[in-house]
S.K.: 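Let me begin by handing over the structure; questions about it come next.
In this text, all values refer to a predicted model and were calculated from it rather than measured experimentally.
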Amino acid sequence: MQRAIGAGNLRTMQVAGKTRIADLYQKANAKIRIPKQHSNRLEAVLINTAGGLTGGDQLRWSIEAGAGTTTMISTQACERIYRAQAGTADVHTQLTVESGAHCLWLPQETILFDGASLDRKLVANLDDGARLTALETVILGREAMQEKLQNIALLDSWRVHNGERLIHADAISIAGEGLEEMTNRAHMGDHLVFGTLIDAEPSRTATEQRVKLAVVEGVHKTCSRNDMISVGVSVFDNKTIVRFTARSSYHLRQSIPDLLNQIVPGSTLPTVWRL
(Lines give C-alpha, C1' and ligand atoms only; values in the text may rest on other atoms or scores of the structure.)
Protein backbone atom coordinates (compact mmCIF):
# COMPACT_ATOMS: atom_id res chain seq x y z
CA MET A 1 0.00 0.00 0.00
CA GLN A 2 1.32 3.41 -0.96
CA ARG A 3 2.25 5.59 2.00
CA ALA A 4 2.17 9.37 2.39
CA ILE A 5 5.73 10.69 2.75
CA GLY A 6 5.90 14.48 2.74
CA ALA A 7 8.34 17.24 3.65
CA GLY A 8 8.11 21.00 3.93
CA ASN A 9 10.83 23.57 4.68
CA LEU A 10 10.43 27.29 5.36
CA ARG A 11 13.15 29.87 6.04
CA THR A 12 12.31 33.47 6.89
CA MET A 13 14.32 36.69 6.88
CA GLN A 14 13.85 40.30 7.90
CA VAL A 15 13.27 42.85 5.13
CA ALA A 16 12.72 46.50 6.06
CA GLY A 17 11.53 45.52 9.53
CA LYS A 18 9.09 42.89 8.27
CA THR A 19 9.35 39.10 8.20
CA ARG A 20 9.38 37.66 4.70
CA ILE A 21 10.04 34.35 2.96
CA ALA A 22 13.71 33.59 2.29
CA ASP A 23 13.22 30.03 1.04
CA LEU A 24 10.31 27.59 0.72
CA TYR A 25 10.29 23.92 -0.26
CA GLN A 26 7.45 21.41 -0.24
CA LYS A 27 7.16 17.78 -1.26
CA ALA A 28 4.23 15.41 -1.84
CA ASN A 29 1.41 15.81 0.69
CA ALA A 30 3.23 18.45 2.81
CA LYS A 31 2.23 21.96 1.73
CA ILE A 32 3.00 25.40 3.19
CA ARG A 33 0.79 28.38 2.47
CA ILE A 34 1.50 32.00 3.41
CA PRO A 35 -1.71 34.07 3.76
CA LYS A 36 -1.59 37.77 2.94
CA GLN A 37 0.13 39.50 5.83
CA HIS A 38 -1.16 42.58 7.64
CA SER A 39 1.56 42.85 10.28
CA ASN A 40 5.33 42.68 10.63
CA ARG A 41 5.22 38.97 11.48
CA LEU A 42 4.92 36.15 8.96
CA GLU A 43 2.11 33.65 9.46
CA ALA A 44 2.53 30.27 7.74
CA VAL A 45 -0.02 27.46 7.48
CA LEU A 46 1.08 23.82 7.23
CA ILE A 47 -1.22 21.49 5.30
CA ASN A 48 -1.23 17.70 5.06
CA THR A 49 -3.18 17.09 1.86
CA ALA A 50 -3.44 13.38 2.70
CA GLY A 51 -6.14 14.39 5.17
CA GLY A 52 -4.58 12.56 8.10
CA LEU A 53 -1.89 10.02 8.98
CA THR A 54 -1.79 6.29 9.60
CA GLY A 55 0.85 3.59 10.08
CA GLY A 56 3.84 4.04 7.77
CA ASP A 57 3.10 7.67 6.85
CA GLN A 58 5.87 10.24 7.36
CA LEU A 59 5.89 14.02 7.70
CA ARG A 60 8.99 16.20 8.00
CA TRP A 61 8.74 19.93 8.77
CA SER A 62 11.70 22.30 8.99
CA ILE A 63 11.29 25.94 10.03
CA GLU A 64 14.19 28.41 10.18
CA ALA A 65 13.35 31.79 11.72
CA GLY A 66 16.01 34.24 10.55
CA ALA A 67 17.61 36.87 12.78
CA GLY A 68 15.15 39.50 14.00
CA THR A 69 12.07 37.83 12.51
CA THR A 70 8.72 36.90 14.03
CA THR A 71 7.52 33.65 12.48
CA MET A 72 4.19 32.09 13.47
CA ILE A 73 3.41 28.55 12.33
CA SER A 74 0.06 26.79 12.51
CA THR A 75 -1.86 24.06 10.71
CA GLN A 76 -4.89 24.32 8.46
CA ALA A 77 -6.91 22.01 10.70
CA CYS A 78 -6.57 19.40 13.42
CA GLU A 79 -4.21 16.57 12.44
CA ARG A 80 -6.00 13.21 12.49
CA ILE A 81 -4.13 10.03 13.36
CA TYR A 82 -6.16 7.11 12.03
CA ARG A 83 -6.15 3.45 13.05
CA ALA A 84 -2.90 1.81 11.97
CA GLN A 85 -3.11 -1.61 10.35
CA ALA A 86 0.68 -1.85 10.55
CA GLY A 87 3.57 0.46 11.37
CA THR A 88 3.60 3.88 13.00
CA ALA A 89 2.92 7.39 11.73
CA ASP A 90 6.17 9.34 12.03
CA VAL A 91 6.19 13.16 12.36
CA HIS A 92 9.44 15.10 12.85
CA THR A 93 9.65 18.87 13.27
CA GLN A 94 12.92 20.83 13.27
CA LEU A 95 12.84 24.46 14.45
CA THR A 96 15.84 26.78 14.16
CA VAL A 97 15.55 30.23 15.75
CA GLU A 98 18.32 32.78 15.19
CA SER A 99 19.32 35.67 17.46
CA GLY A 100 16.57 38.26 17.97
CA ALA A 101 13.96 36.03 16.35
CA HIS A 102 10.71 34.77 17.86
CA CYS A 103 9.23 31.53 16.54
CA LEU A 104 5.68 30.68 17.57
CA TRP A 105 4.83 27.02 16.90
CA LEU A 106 1.03 26.87 17.32
CA PRO A 107 -0.46 23.91 15.44
CA GLN A 108 -4.09 23.00 15.96
CA GLU A 109 -4.96 19.88 17.95
CA THR A 110 -3.91 16.33 17.12
CA ILE A 111 -6.79 13.83 17.31
CA LEU A 112 -5.94 10.20 18.09
CA PHE A 113 -8.45 7.69 16.70
CA ASP A 114 -8.79 4.28 18.34
CA GLY A 115 -5.93 2.07 17.13
CA ALA A 116 -3.73 5.05 16.25
CA SER A 117 0.07 4.77 16.42
CA LEU A 118 2.14 7.98 16.40
CA ASP A 119 5.82 8.75 16.96
CA ARG A 120 6.24 12.53 17.03
CA LYS A 121 9.45 14.48 17.66
CA LEU A 122 10.07 18.22 17.97
CA VAL A 123 13.69 19.40 18.01
CA ALA A 124 14.46 23.12 18.40
CA ASN A 125 17.78 24.97 18.28
CA LEU A 126 17.79 28.48 19.76
CA ASP A 127 20.59 31.01 19.40
CA ASP A 128 21.34 33.42 22.22
CA GLY A 129 18.70 36.14 22.12
CA ALA A 130 16.16 33.87 20.41
CA ARG A 131 12.70 32.96 21.71
CA LEU A 132 10.47 29.95 21.15
CA THR A 133 6.78 29.72 22.06
CA ALA A 134 5.42 26.25 21.31
CA LEU A 135 2.04 24.61 21.89
CA GLU A 136 0.97 21.01 21.33
CA THR A 137 -2.45 19.61 22.21
CA VAL A 138 -3.71 16.01 21.95
CA ILE A 139 -7.35 14.89 21.89
CA LEU A 140 -8.01 11.29 22.96
CA GLY A 141 -10.71 10.08 20.60
CA ARG A 142 -13.40 11.69 18.50
CA GLU A 143 -15.53 13.70 20.89
CA ALA A 144 -18.61 14.00 18.67
CA MET A 145 -18.75 10.21 18.23
CA GLN A 146 -18.12 9.59 21.96
CA GLU A 147 -15.25 7.34 20.96
CA LYS A 148 -13.52 5.47 23.81
CA LEU A 149 -9.92 4.59 23.04
CA GLN A 150 -9.10 0.94 23.64
CA ASN A 151 -5.68 0.64 22.03
CA ILE A 152 -3.29 3.43 20.99
CA ALA A 153 0.45 4.03 20.85
CA LEU A 154 1.80 7.54 21.33
CA LEU A 155 5.41 8.60 21.78
CA ASP A 156 5.76 12.39 21.84
CA SER A 157 9.16 13.96 22.60
CA TRP A 158 10.57 17.51 22.68
CA ARG A 159 14.20 18.57 22.75
CA VAL A 160 15.19 22.26 22.92
CA HIS A 161 18.85 23.29 22.61
CA ASN A 162 20.73 26.55 23.10
CA GLY A 163 23.88 25.95 21.10
CA GLU A 164 25.32 22.68 22.39
CA ARG A 165 23.37 22.93 25.67
CA LEU A 166 20.15 20.99 26.14
CA ILE A 167 17.75 23.37 27.90
CA HIS A 168 14.51 21.39 27.74
CA ALA A 169 13.66 17.71 27.37
CA ASP A 170 10.17 16.33 27.53
CA ALA A 171 8.52 13.05 26.55
CA ILE A 172 5.23 11.25 26.99
CA SER A 173 4.43 7.66 26.14
CA ILE A 174 0.99 6.07 26.10
CA ALA A 175 0.71 2.51 24.84
CA GLY A 176 -1.23 -0.71 25.22
CA GLU A 177 -4.73 -2.06 25.32
CA GLY A 178 -7.30 -0.70 27.74
CA LEU A 179 -6.77 2.90 28.76
CA GLU A 180 -8.92 2.87 31.86
CA GLU A 181 -5.96 4.02 33.97
CA MET A 182 -5.90 7.30 32.02
CA THR A 183 -9.34 8.17 33.38
CA ASN A 184 -8.71 7.74 37.09
CA ARG A 185 -8.36 10.78 39.33
CA ALA A 186 -4.59 10.40 39.63
CA HIS A 187 -4.30 10.88 35.87
CA MET A 188 -6.82 12.82 33.76
CA GLY A 189 -10.17 12.02 35.33
CA ASP A 190 -12.91 12.71 32.79
CA HIS A 191 -10.68 15.00 30.72
CA LEU A 192 -10.03 13.94 27.13
CA VAL A 193 -7.56 16.65 26.09
CA PHE A 194 -4.02 17.34 27.30
CA GLY A 195 -1.13 19.49 26.19
CA THR A 196 1.86 21.69 26.88
CA LEU A 197 2.72 25.32 26.19
CA ILE A 198 6.39 26.28 26.55
CA ASP A 199 8.00 29.70 26.25
CA ALA A 200 11.81 29.54 26.21
CA GLU A 201 14.29 32.43 26.09
CA PRO A 202 17.92 31.38 26.72
CA SER A 203 19.01 35.01 27.26
CA ARG A 204 16.17 36.06 29.57
CA THR A 205 17.48 38.45 32.25
CA ALA A 206 16.87 38.11 35.98
CA THR A 207 14.41 41.02 35.83
CA GLU A 208 12.51 39.43 32.97
CA GLN A 209 12.46 36.16 34.91
CA ARG A 210 10.78 37.88 37.85
CA VAL A 211 8.22 39.39 35.51
CA LYS A 212 7.48 35.93 34.14
CA LEU A 213 6.82 34.66 37.65
CA ALA A 214 3.79 36.96 37.71
CA VAL A 215 2.48 34.96 34.76
CA VAL A 216 1.83 32.03 37.08
CA GLU A 217 -0.78 33.96 39.04
CA GLY A 218 -2.31 35.36 35.86
CA VAL A 219 -2.67 31.96 34.23
CA HIS A 220 -4.28 30.43 37.30
CA LYS A 221 -6.74 33.33 37.52
CA THR A 222 -7.60 32.89 33.85
CA CYS A 223 -8.31 29.18 34.22
CA SER A 224 -10.03 29.35 37.60
CA ARG A 225 -13.03 30.78 35.78
CA ASN A 226 -13.42 27.52 33.84
CA ASP A 227 -13.80 24.36 35.92
CA MET A 228 -13.53 22.26 32.76
CA ILE A 229 -9.76 22.91 32.63
CA SER A 230 -6.91 21.92 34.92
CA VAL A 231 -3.63 23.85 34.64
CA GLY A 232 -0.17 23.77 36.19
CA VAL A 233 2.50 26.43 35.57
CA SER A 234 6.27 26.45 36.18
CA VAL A 235 8.85 29.22 35.65
CA PHE A 236 12.52 28.19 35.84
CA ASP A 237 15.77 28.22 33.83
CA ASN A 238 14.51 30.96 31.49
CA LYS A 239 11.42 28.93 30.61
CA THR A 240 7.72 29.18 31.31
CA ILE A 241 5.89 25.85 31.04
CA VAL A 242 2.13 25.42 31.15
CA ARG A 243 0.63 21.92 31.43
CA PHE A 244 -3.09 21.50 30.96
CA THR A 245 -5.91 19.01 30.63
CA ALA A 246 -9.47 19.78 29.58
CA ARG A 247 -12.77 17.99 29.40
CA SER A 248 -13.00 18.78 25.69
CA SER A 249 -11.28 20.82 23.00
CA TYR A 250 -14.25 23.20 23.03
CA HIS A 251 -13.59 24.14 26.64
CA LEU A 252 -9.86 24.45 26.04
CA ARG A 253 -10.21 26.70 23.02
CA GLN A 254 -12.17 29.14 25.14
CA SER A 255 -9.10 29.65 27.33
CA ILE A 256 -6.15 29.28 24.93
CA PRO A 257 -6.26 32.91 23.67
CA ASP A 258 -6.04 34.18 27.27
CA LEU A 259 -3.33 31.65 28.14
CA LEU A 260 -1.24 32.69 25.14
CA ASN A 261 -1.73 36.37 25.87
CA GLN A 262 -0.54 35.84 29.44
CA ILE A 263 2.66 34.19 28.15
CA VAL A 264 3.21 36.53 25.19
CA PRO A 265 1.41 39.83 25.95
CA GLY A 266 -0.33 41.34 22.95
CA SER A 267 -0.18 38.16 20.87
CA THR A 268 -3.11 36.59 19.06
CA LEU A 269 -3.74 33.10 17.78
CA PRO A 270 -3.07 32.38 14.10
CA THR A 271 -5.90 33.38 11.79
CA VAL A 272 -6.72 29.74 10.91
CA TRP A 273 -7.62 29.07 14.57
CA ARG A 274 -10.37 31.66 14.32
CA LEU A 275 -11.93 30.72 10.97
Side-chain angles (χ1 to χ4, degrees), residues 9-15 17-23 39-44 46 60-74 91-107 120-137 156-172 195-219 231-244 256 259-270:
N9 304 335
L10 171 67
R11 182 163 56 89
T12 63
M13 62 182 180
Q14 190 179 72
V15 178
K18 297 184 177 182
T19 303
R20 294 292 181 258
I21 299 171
D23 190 31
S39 68
N40 292 337
R41 77 185 185 194
L42 182 141
E43 203 172 300
L46 309 183
R60 298 287 185 270
W61 301 111
S62 176
I63 309 297
E64 298 179 44
T69 61
T70 301
T71 305
M72 177 177 283
I73 310 296
S74 188
V91 179
H92 188 282
T93 301
Q94 177 75 48
L95 305 177
T96 302
V97 191
E98 297 182 1
S99 180
H102 186 188
C103 180
L104 297 99
W105 173 257
L106 303 172
R120 183 169 65 182
K121 298 182 180 66
L122 185 149
V123 178
N125 294 285
L126 312 184
D127 288 349
D128 290 339
R131 183 178 187 180
L132 170 67
T133 305
L135 168 72
E136 287 283 7
T137 305
D156 194 10
S157 68
W158 297 28
R159 296 292 184 271
V160 181
H161 301 264
N162 173 218
E164 297 183 356
R165 185 168 64 99
L166 178 65
I167 61 174
H168 182 73
D170 202 350
I172 183 171
T196 298
L197 173 62
I198 179 174
D199 186 54
E201 296 177 272
S203 301
R204 184 183 293 175
T205 66
T207 300
E208 290 169 333
Q209 184 80 343
R210 287 193 294 271
V211 170
K212 292 296 181 182
L213 285 170
V215 169
V216 176
E217 182 179 357
V219 168
V231 173
V233 188
S234 301
V235 178
F236 63 99
D237 292 343
N238 297 341
K239 296 178 296 184
T240 304
I241 300 175
V242 182
R243 312 276 191 183
F244 51 82
I256 279 184
L259 283 173
L260 183 63
N261 193 53
Q262 293 282 352
I263 303 298
V264 187
S267 67
T268 58
L269 283 169

S.K.: Give the minimum heavy-atom separation between Ala101 and Gly66, together with the two atoms involved.
M.R.: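 Between these two residues, the closest heavy atoms are CB-O, 3.2 Å.
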S.K.: Out of Ile73, Thr137, Leu260, which one pairs with Leu106 under the side chain to side chain contact (heavy atoms under 4.5 Å, CB included) rule?
M.R.: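 Running side chain to side chain contact (heavy atoms under 4.5 Å, CB included) over Ile73, Thr137, Leu260 with Leu106 returns exactly one hit, Leu260.
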S.K.: Could you grab the distance from atom CZ of Arg60 to atom OG1 of Thr93, nearest 0.5 Å is fine?
M.R.: 9.0 Å
S.K.: Got Leu10 and Trp61 here, is their nearest side-chain heavy-atom distance under 4.5 Å?
M.R.: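 Not touching, per the 4.5 Å side-chain cut-off.
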S.K.: For Ile63 and Trp105, work out which heavy atoms get closest and say how close.
M.R.: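 Result for this residue pair: CG1-CZ3, 4.4 Å.
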S.K.: Nearest 0.5 Å, please: how far is OG1 in Thr69 from CE in Met13?
M.R.: 11.0 Å
S.K.: Could you state the interatomic distance from CG (Asn9) to CD (Glu64), rounded to the nearest 0.5 Å?
M.R.: 7.5 Å
S.K.: Glu98 side chain to Ala67 main-chain N or O, any donor-acceptor pair under 3.5 Å?
M.R.: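 At least one qualifying donor-acceptor pair exists.
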S.K.: Could you walk me through whether Asn125 and Thr96 pass the side-chain hydrogen bond (donor to acceptor under 3.5 Å, both in side chains) check?
M.R.: CA-CA 5 Å; Asn125 294 285; Thr96 302; 4.6 Å; no
S.K.: Side chain to side chain contact (heavy atoms under 4.5 Å, CB included) between Asp128 and Asn162: does it pass, once the steps are laid out?
M.R.: CA-CA 7 Å; Asp128 290 339; Asn162 173 218; 3.1 Å; yes
S.K.: Is there a side-chain contact between Arg131 and Val97, using heavy atoms and a 4.5 Å cut-off?
M.R.: no
S.K.: Answer yes or no: is there a side-chain heavy-atom contact under 4.5 Å between Asn238 and Ile167?
M.R.: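 Sidechains of Ile167 and Asn238: no contact.
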S.K.: Quick one: are Val264 and His102 in side-chain contact, heavy atoms under 4.5 Å?
M.R.: yes
S.K.: Has Ser203 got a side-chain atom pairing as donor or acceptor with Gly129's backbone, closer than 3.5 angstrom?
M.R.: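 It does hold such a pair.
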S.K.: Closest heavy-atom contact between Thr196 and Trp158?
M.R.: O-CH2, 4.0 Å
S.K.: Is any side-chain heavy atom of Arg159 closer than 4.5 Å to a side-chain heavy atom of Ser157?
M.R.: yes
S.K.: For a side chain to side chain contact (heavy atoms under 4.5 Å, CB included) with Val242, tell me which candidate from Ile198, Val233, Leu135 qualifies.
M.R.: Val233
S.K.: Is there side-chain contact between Leu126 and Glu201, with at least one heavy-atom pair below 4.5 Å?
M.R.: no
S.K.: Just jot down the side-chain hydrogen bond (donor to acceptor under 3.5 Å, both in side chains) partners of Asp170, sequence neighbours excluded, or say none.
M.R.: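 So Asp170 forms a side-chain hydrogen bond (donor to acceptor under 3.5 Å, both in side chains) with Arg243.
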S.K.: Quick one: list whatever passes side-chain hydrogen bond (donor to acceptor under 3.5 Å, both in side chains) with Thr71, sequence neighbours left out.
M.R.: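 Listed in chain order: Thr12.
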S.K.: Does any part of the side chain of Val91, heavy atoms only, come nearer than 4.5 Å to the side chain of Leu122, both counted from C-beta?
M.R.: no
S.K.: Which heavy-atom pair separates Gly68 from Gln14 by the least distance, and what is that distance?
M.R.: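 For Gly68 versus Gln14, the nearest heavy atoms are O-NE2, 2.8 Å.
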S.K.: Please name the pair of heavy atoms, one in Ala65 and one in Cys103, separated by the smallest distance, quoted to 0.1 Å.
M.R.: CB-CB, 4.3 Å
S.K.: Please step through side chain to side chain contact (heavy atoms under 4.5 Å, CB included) for the pair Val123 and His92, ending with a clear verdict.
M.R.: CA-CA 8 Å; Val123 178; His92 188 282; 4.0 Å; yes
S.K.: Does the side chain of Thr70 come within less than 4.5 Å of Leu104's, by heavy atoms?
M.R.: yes
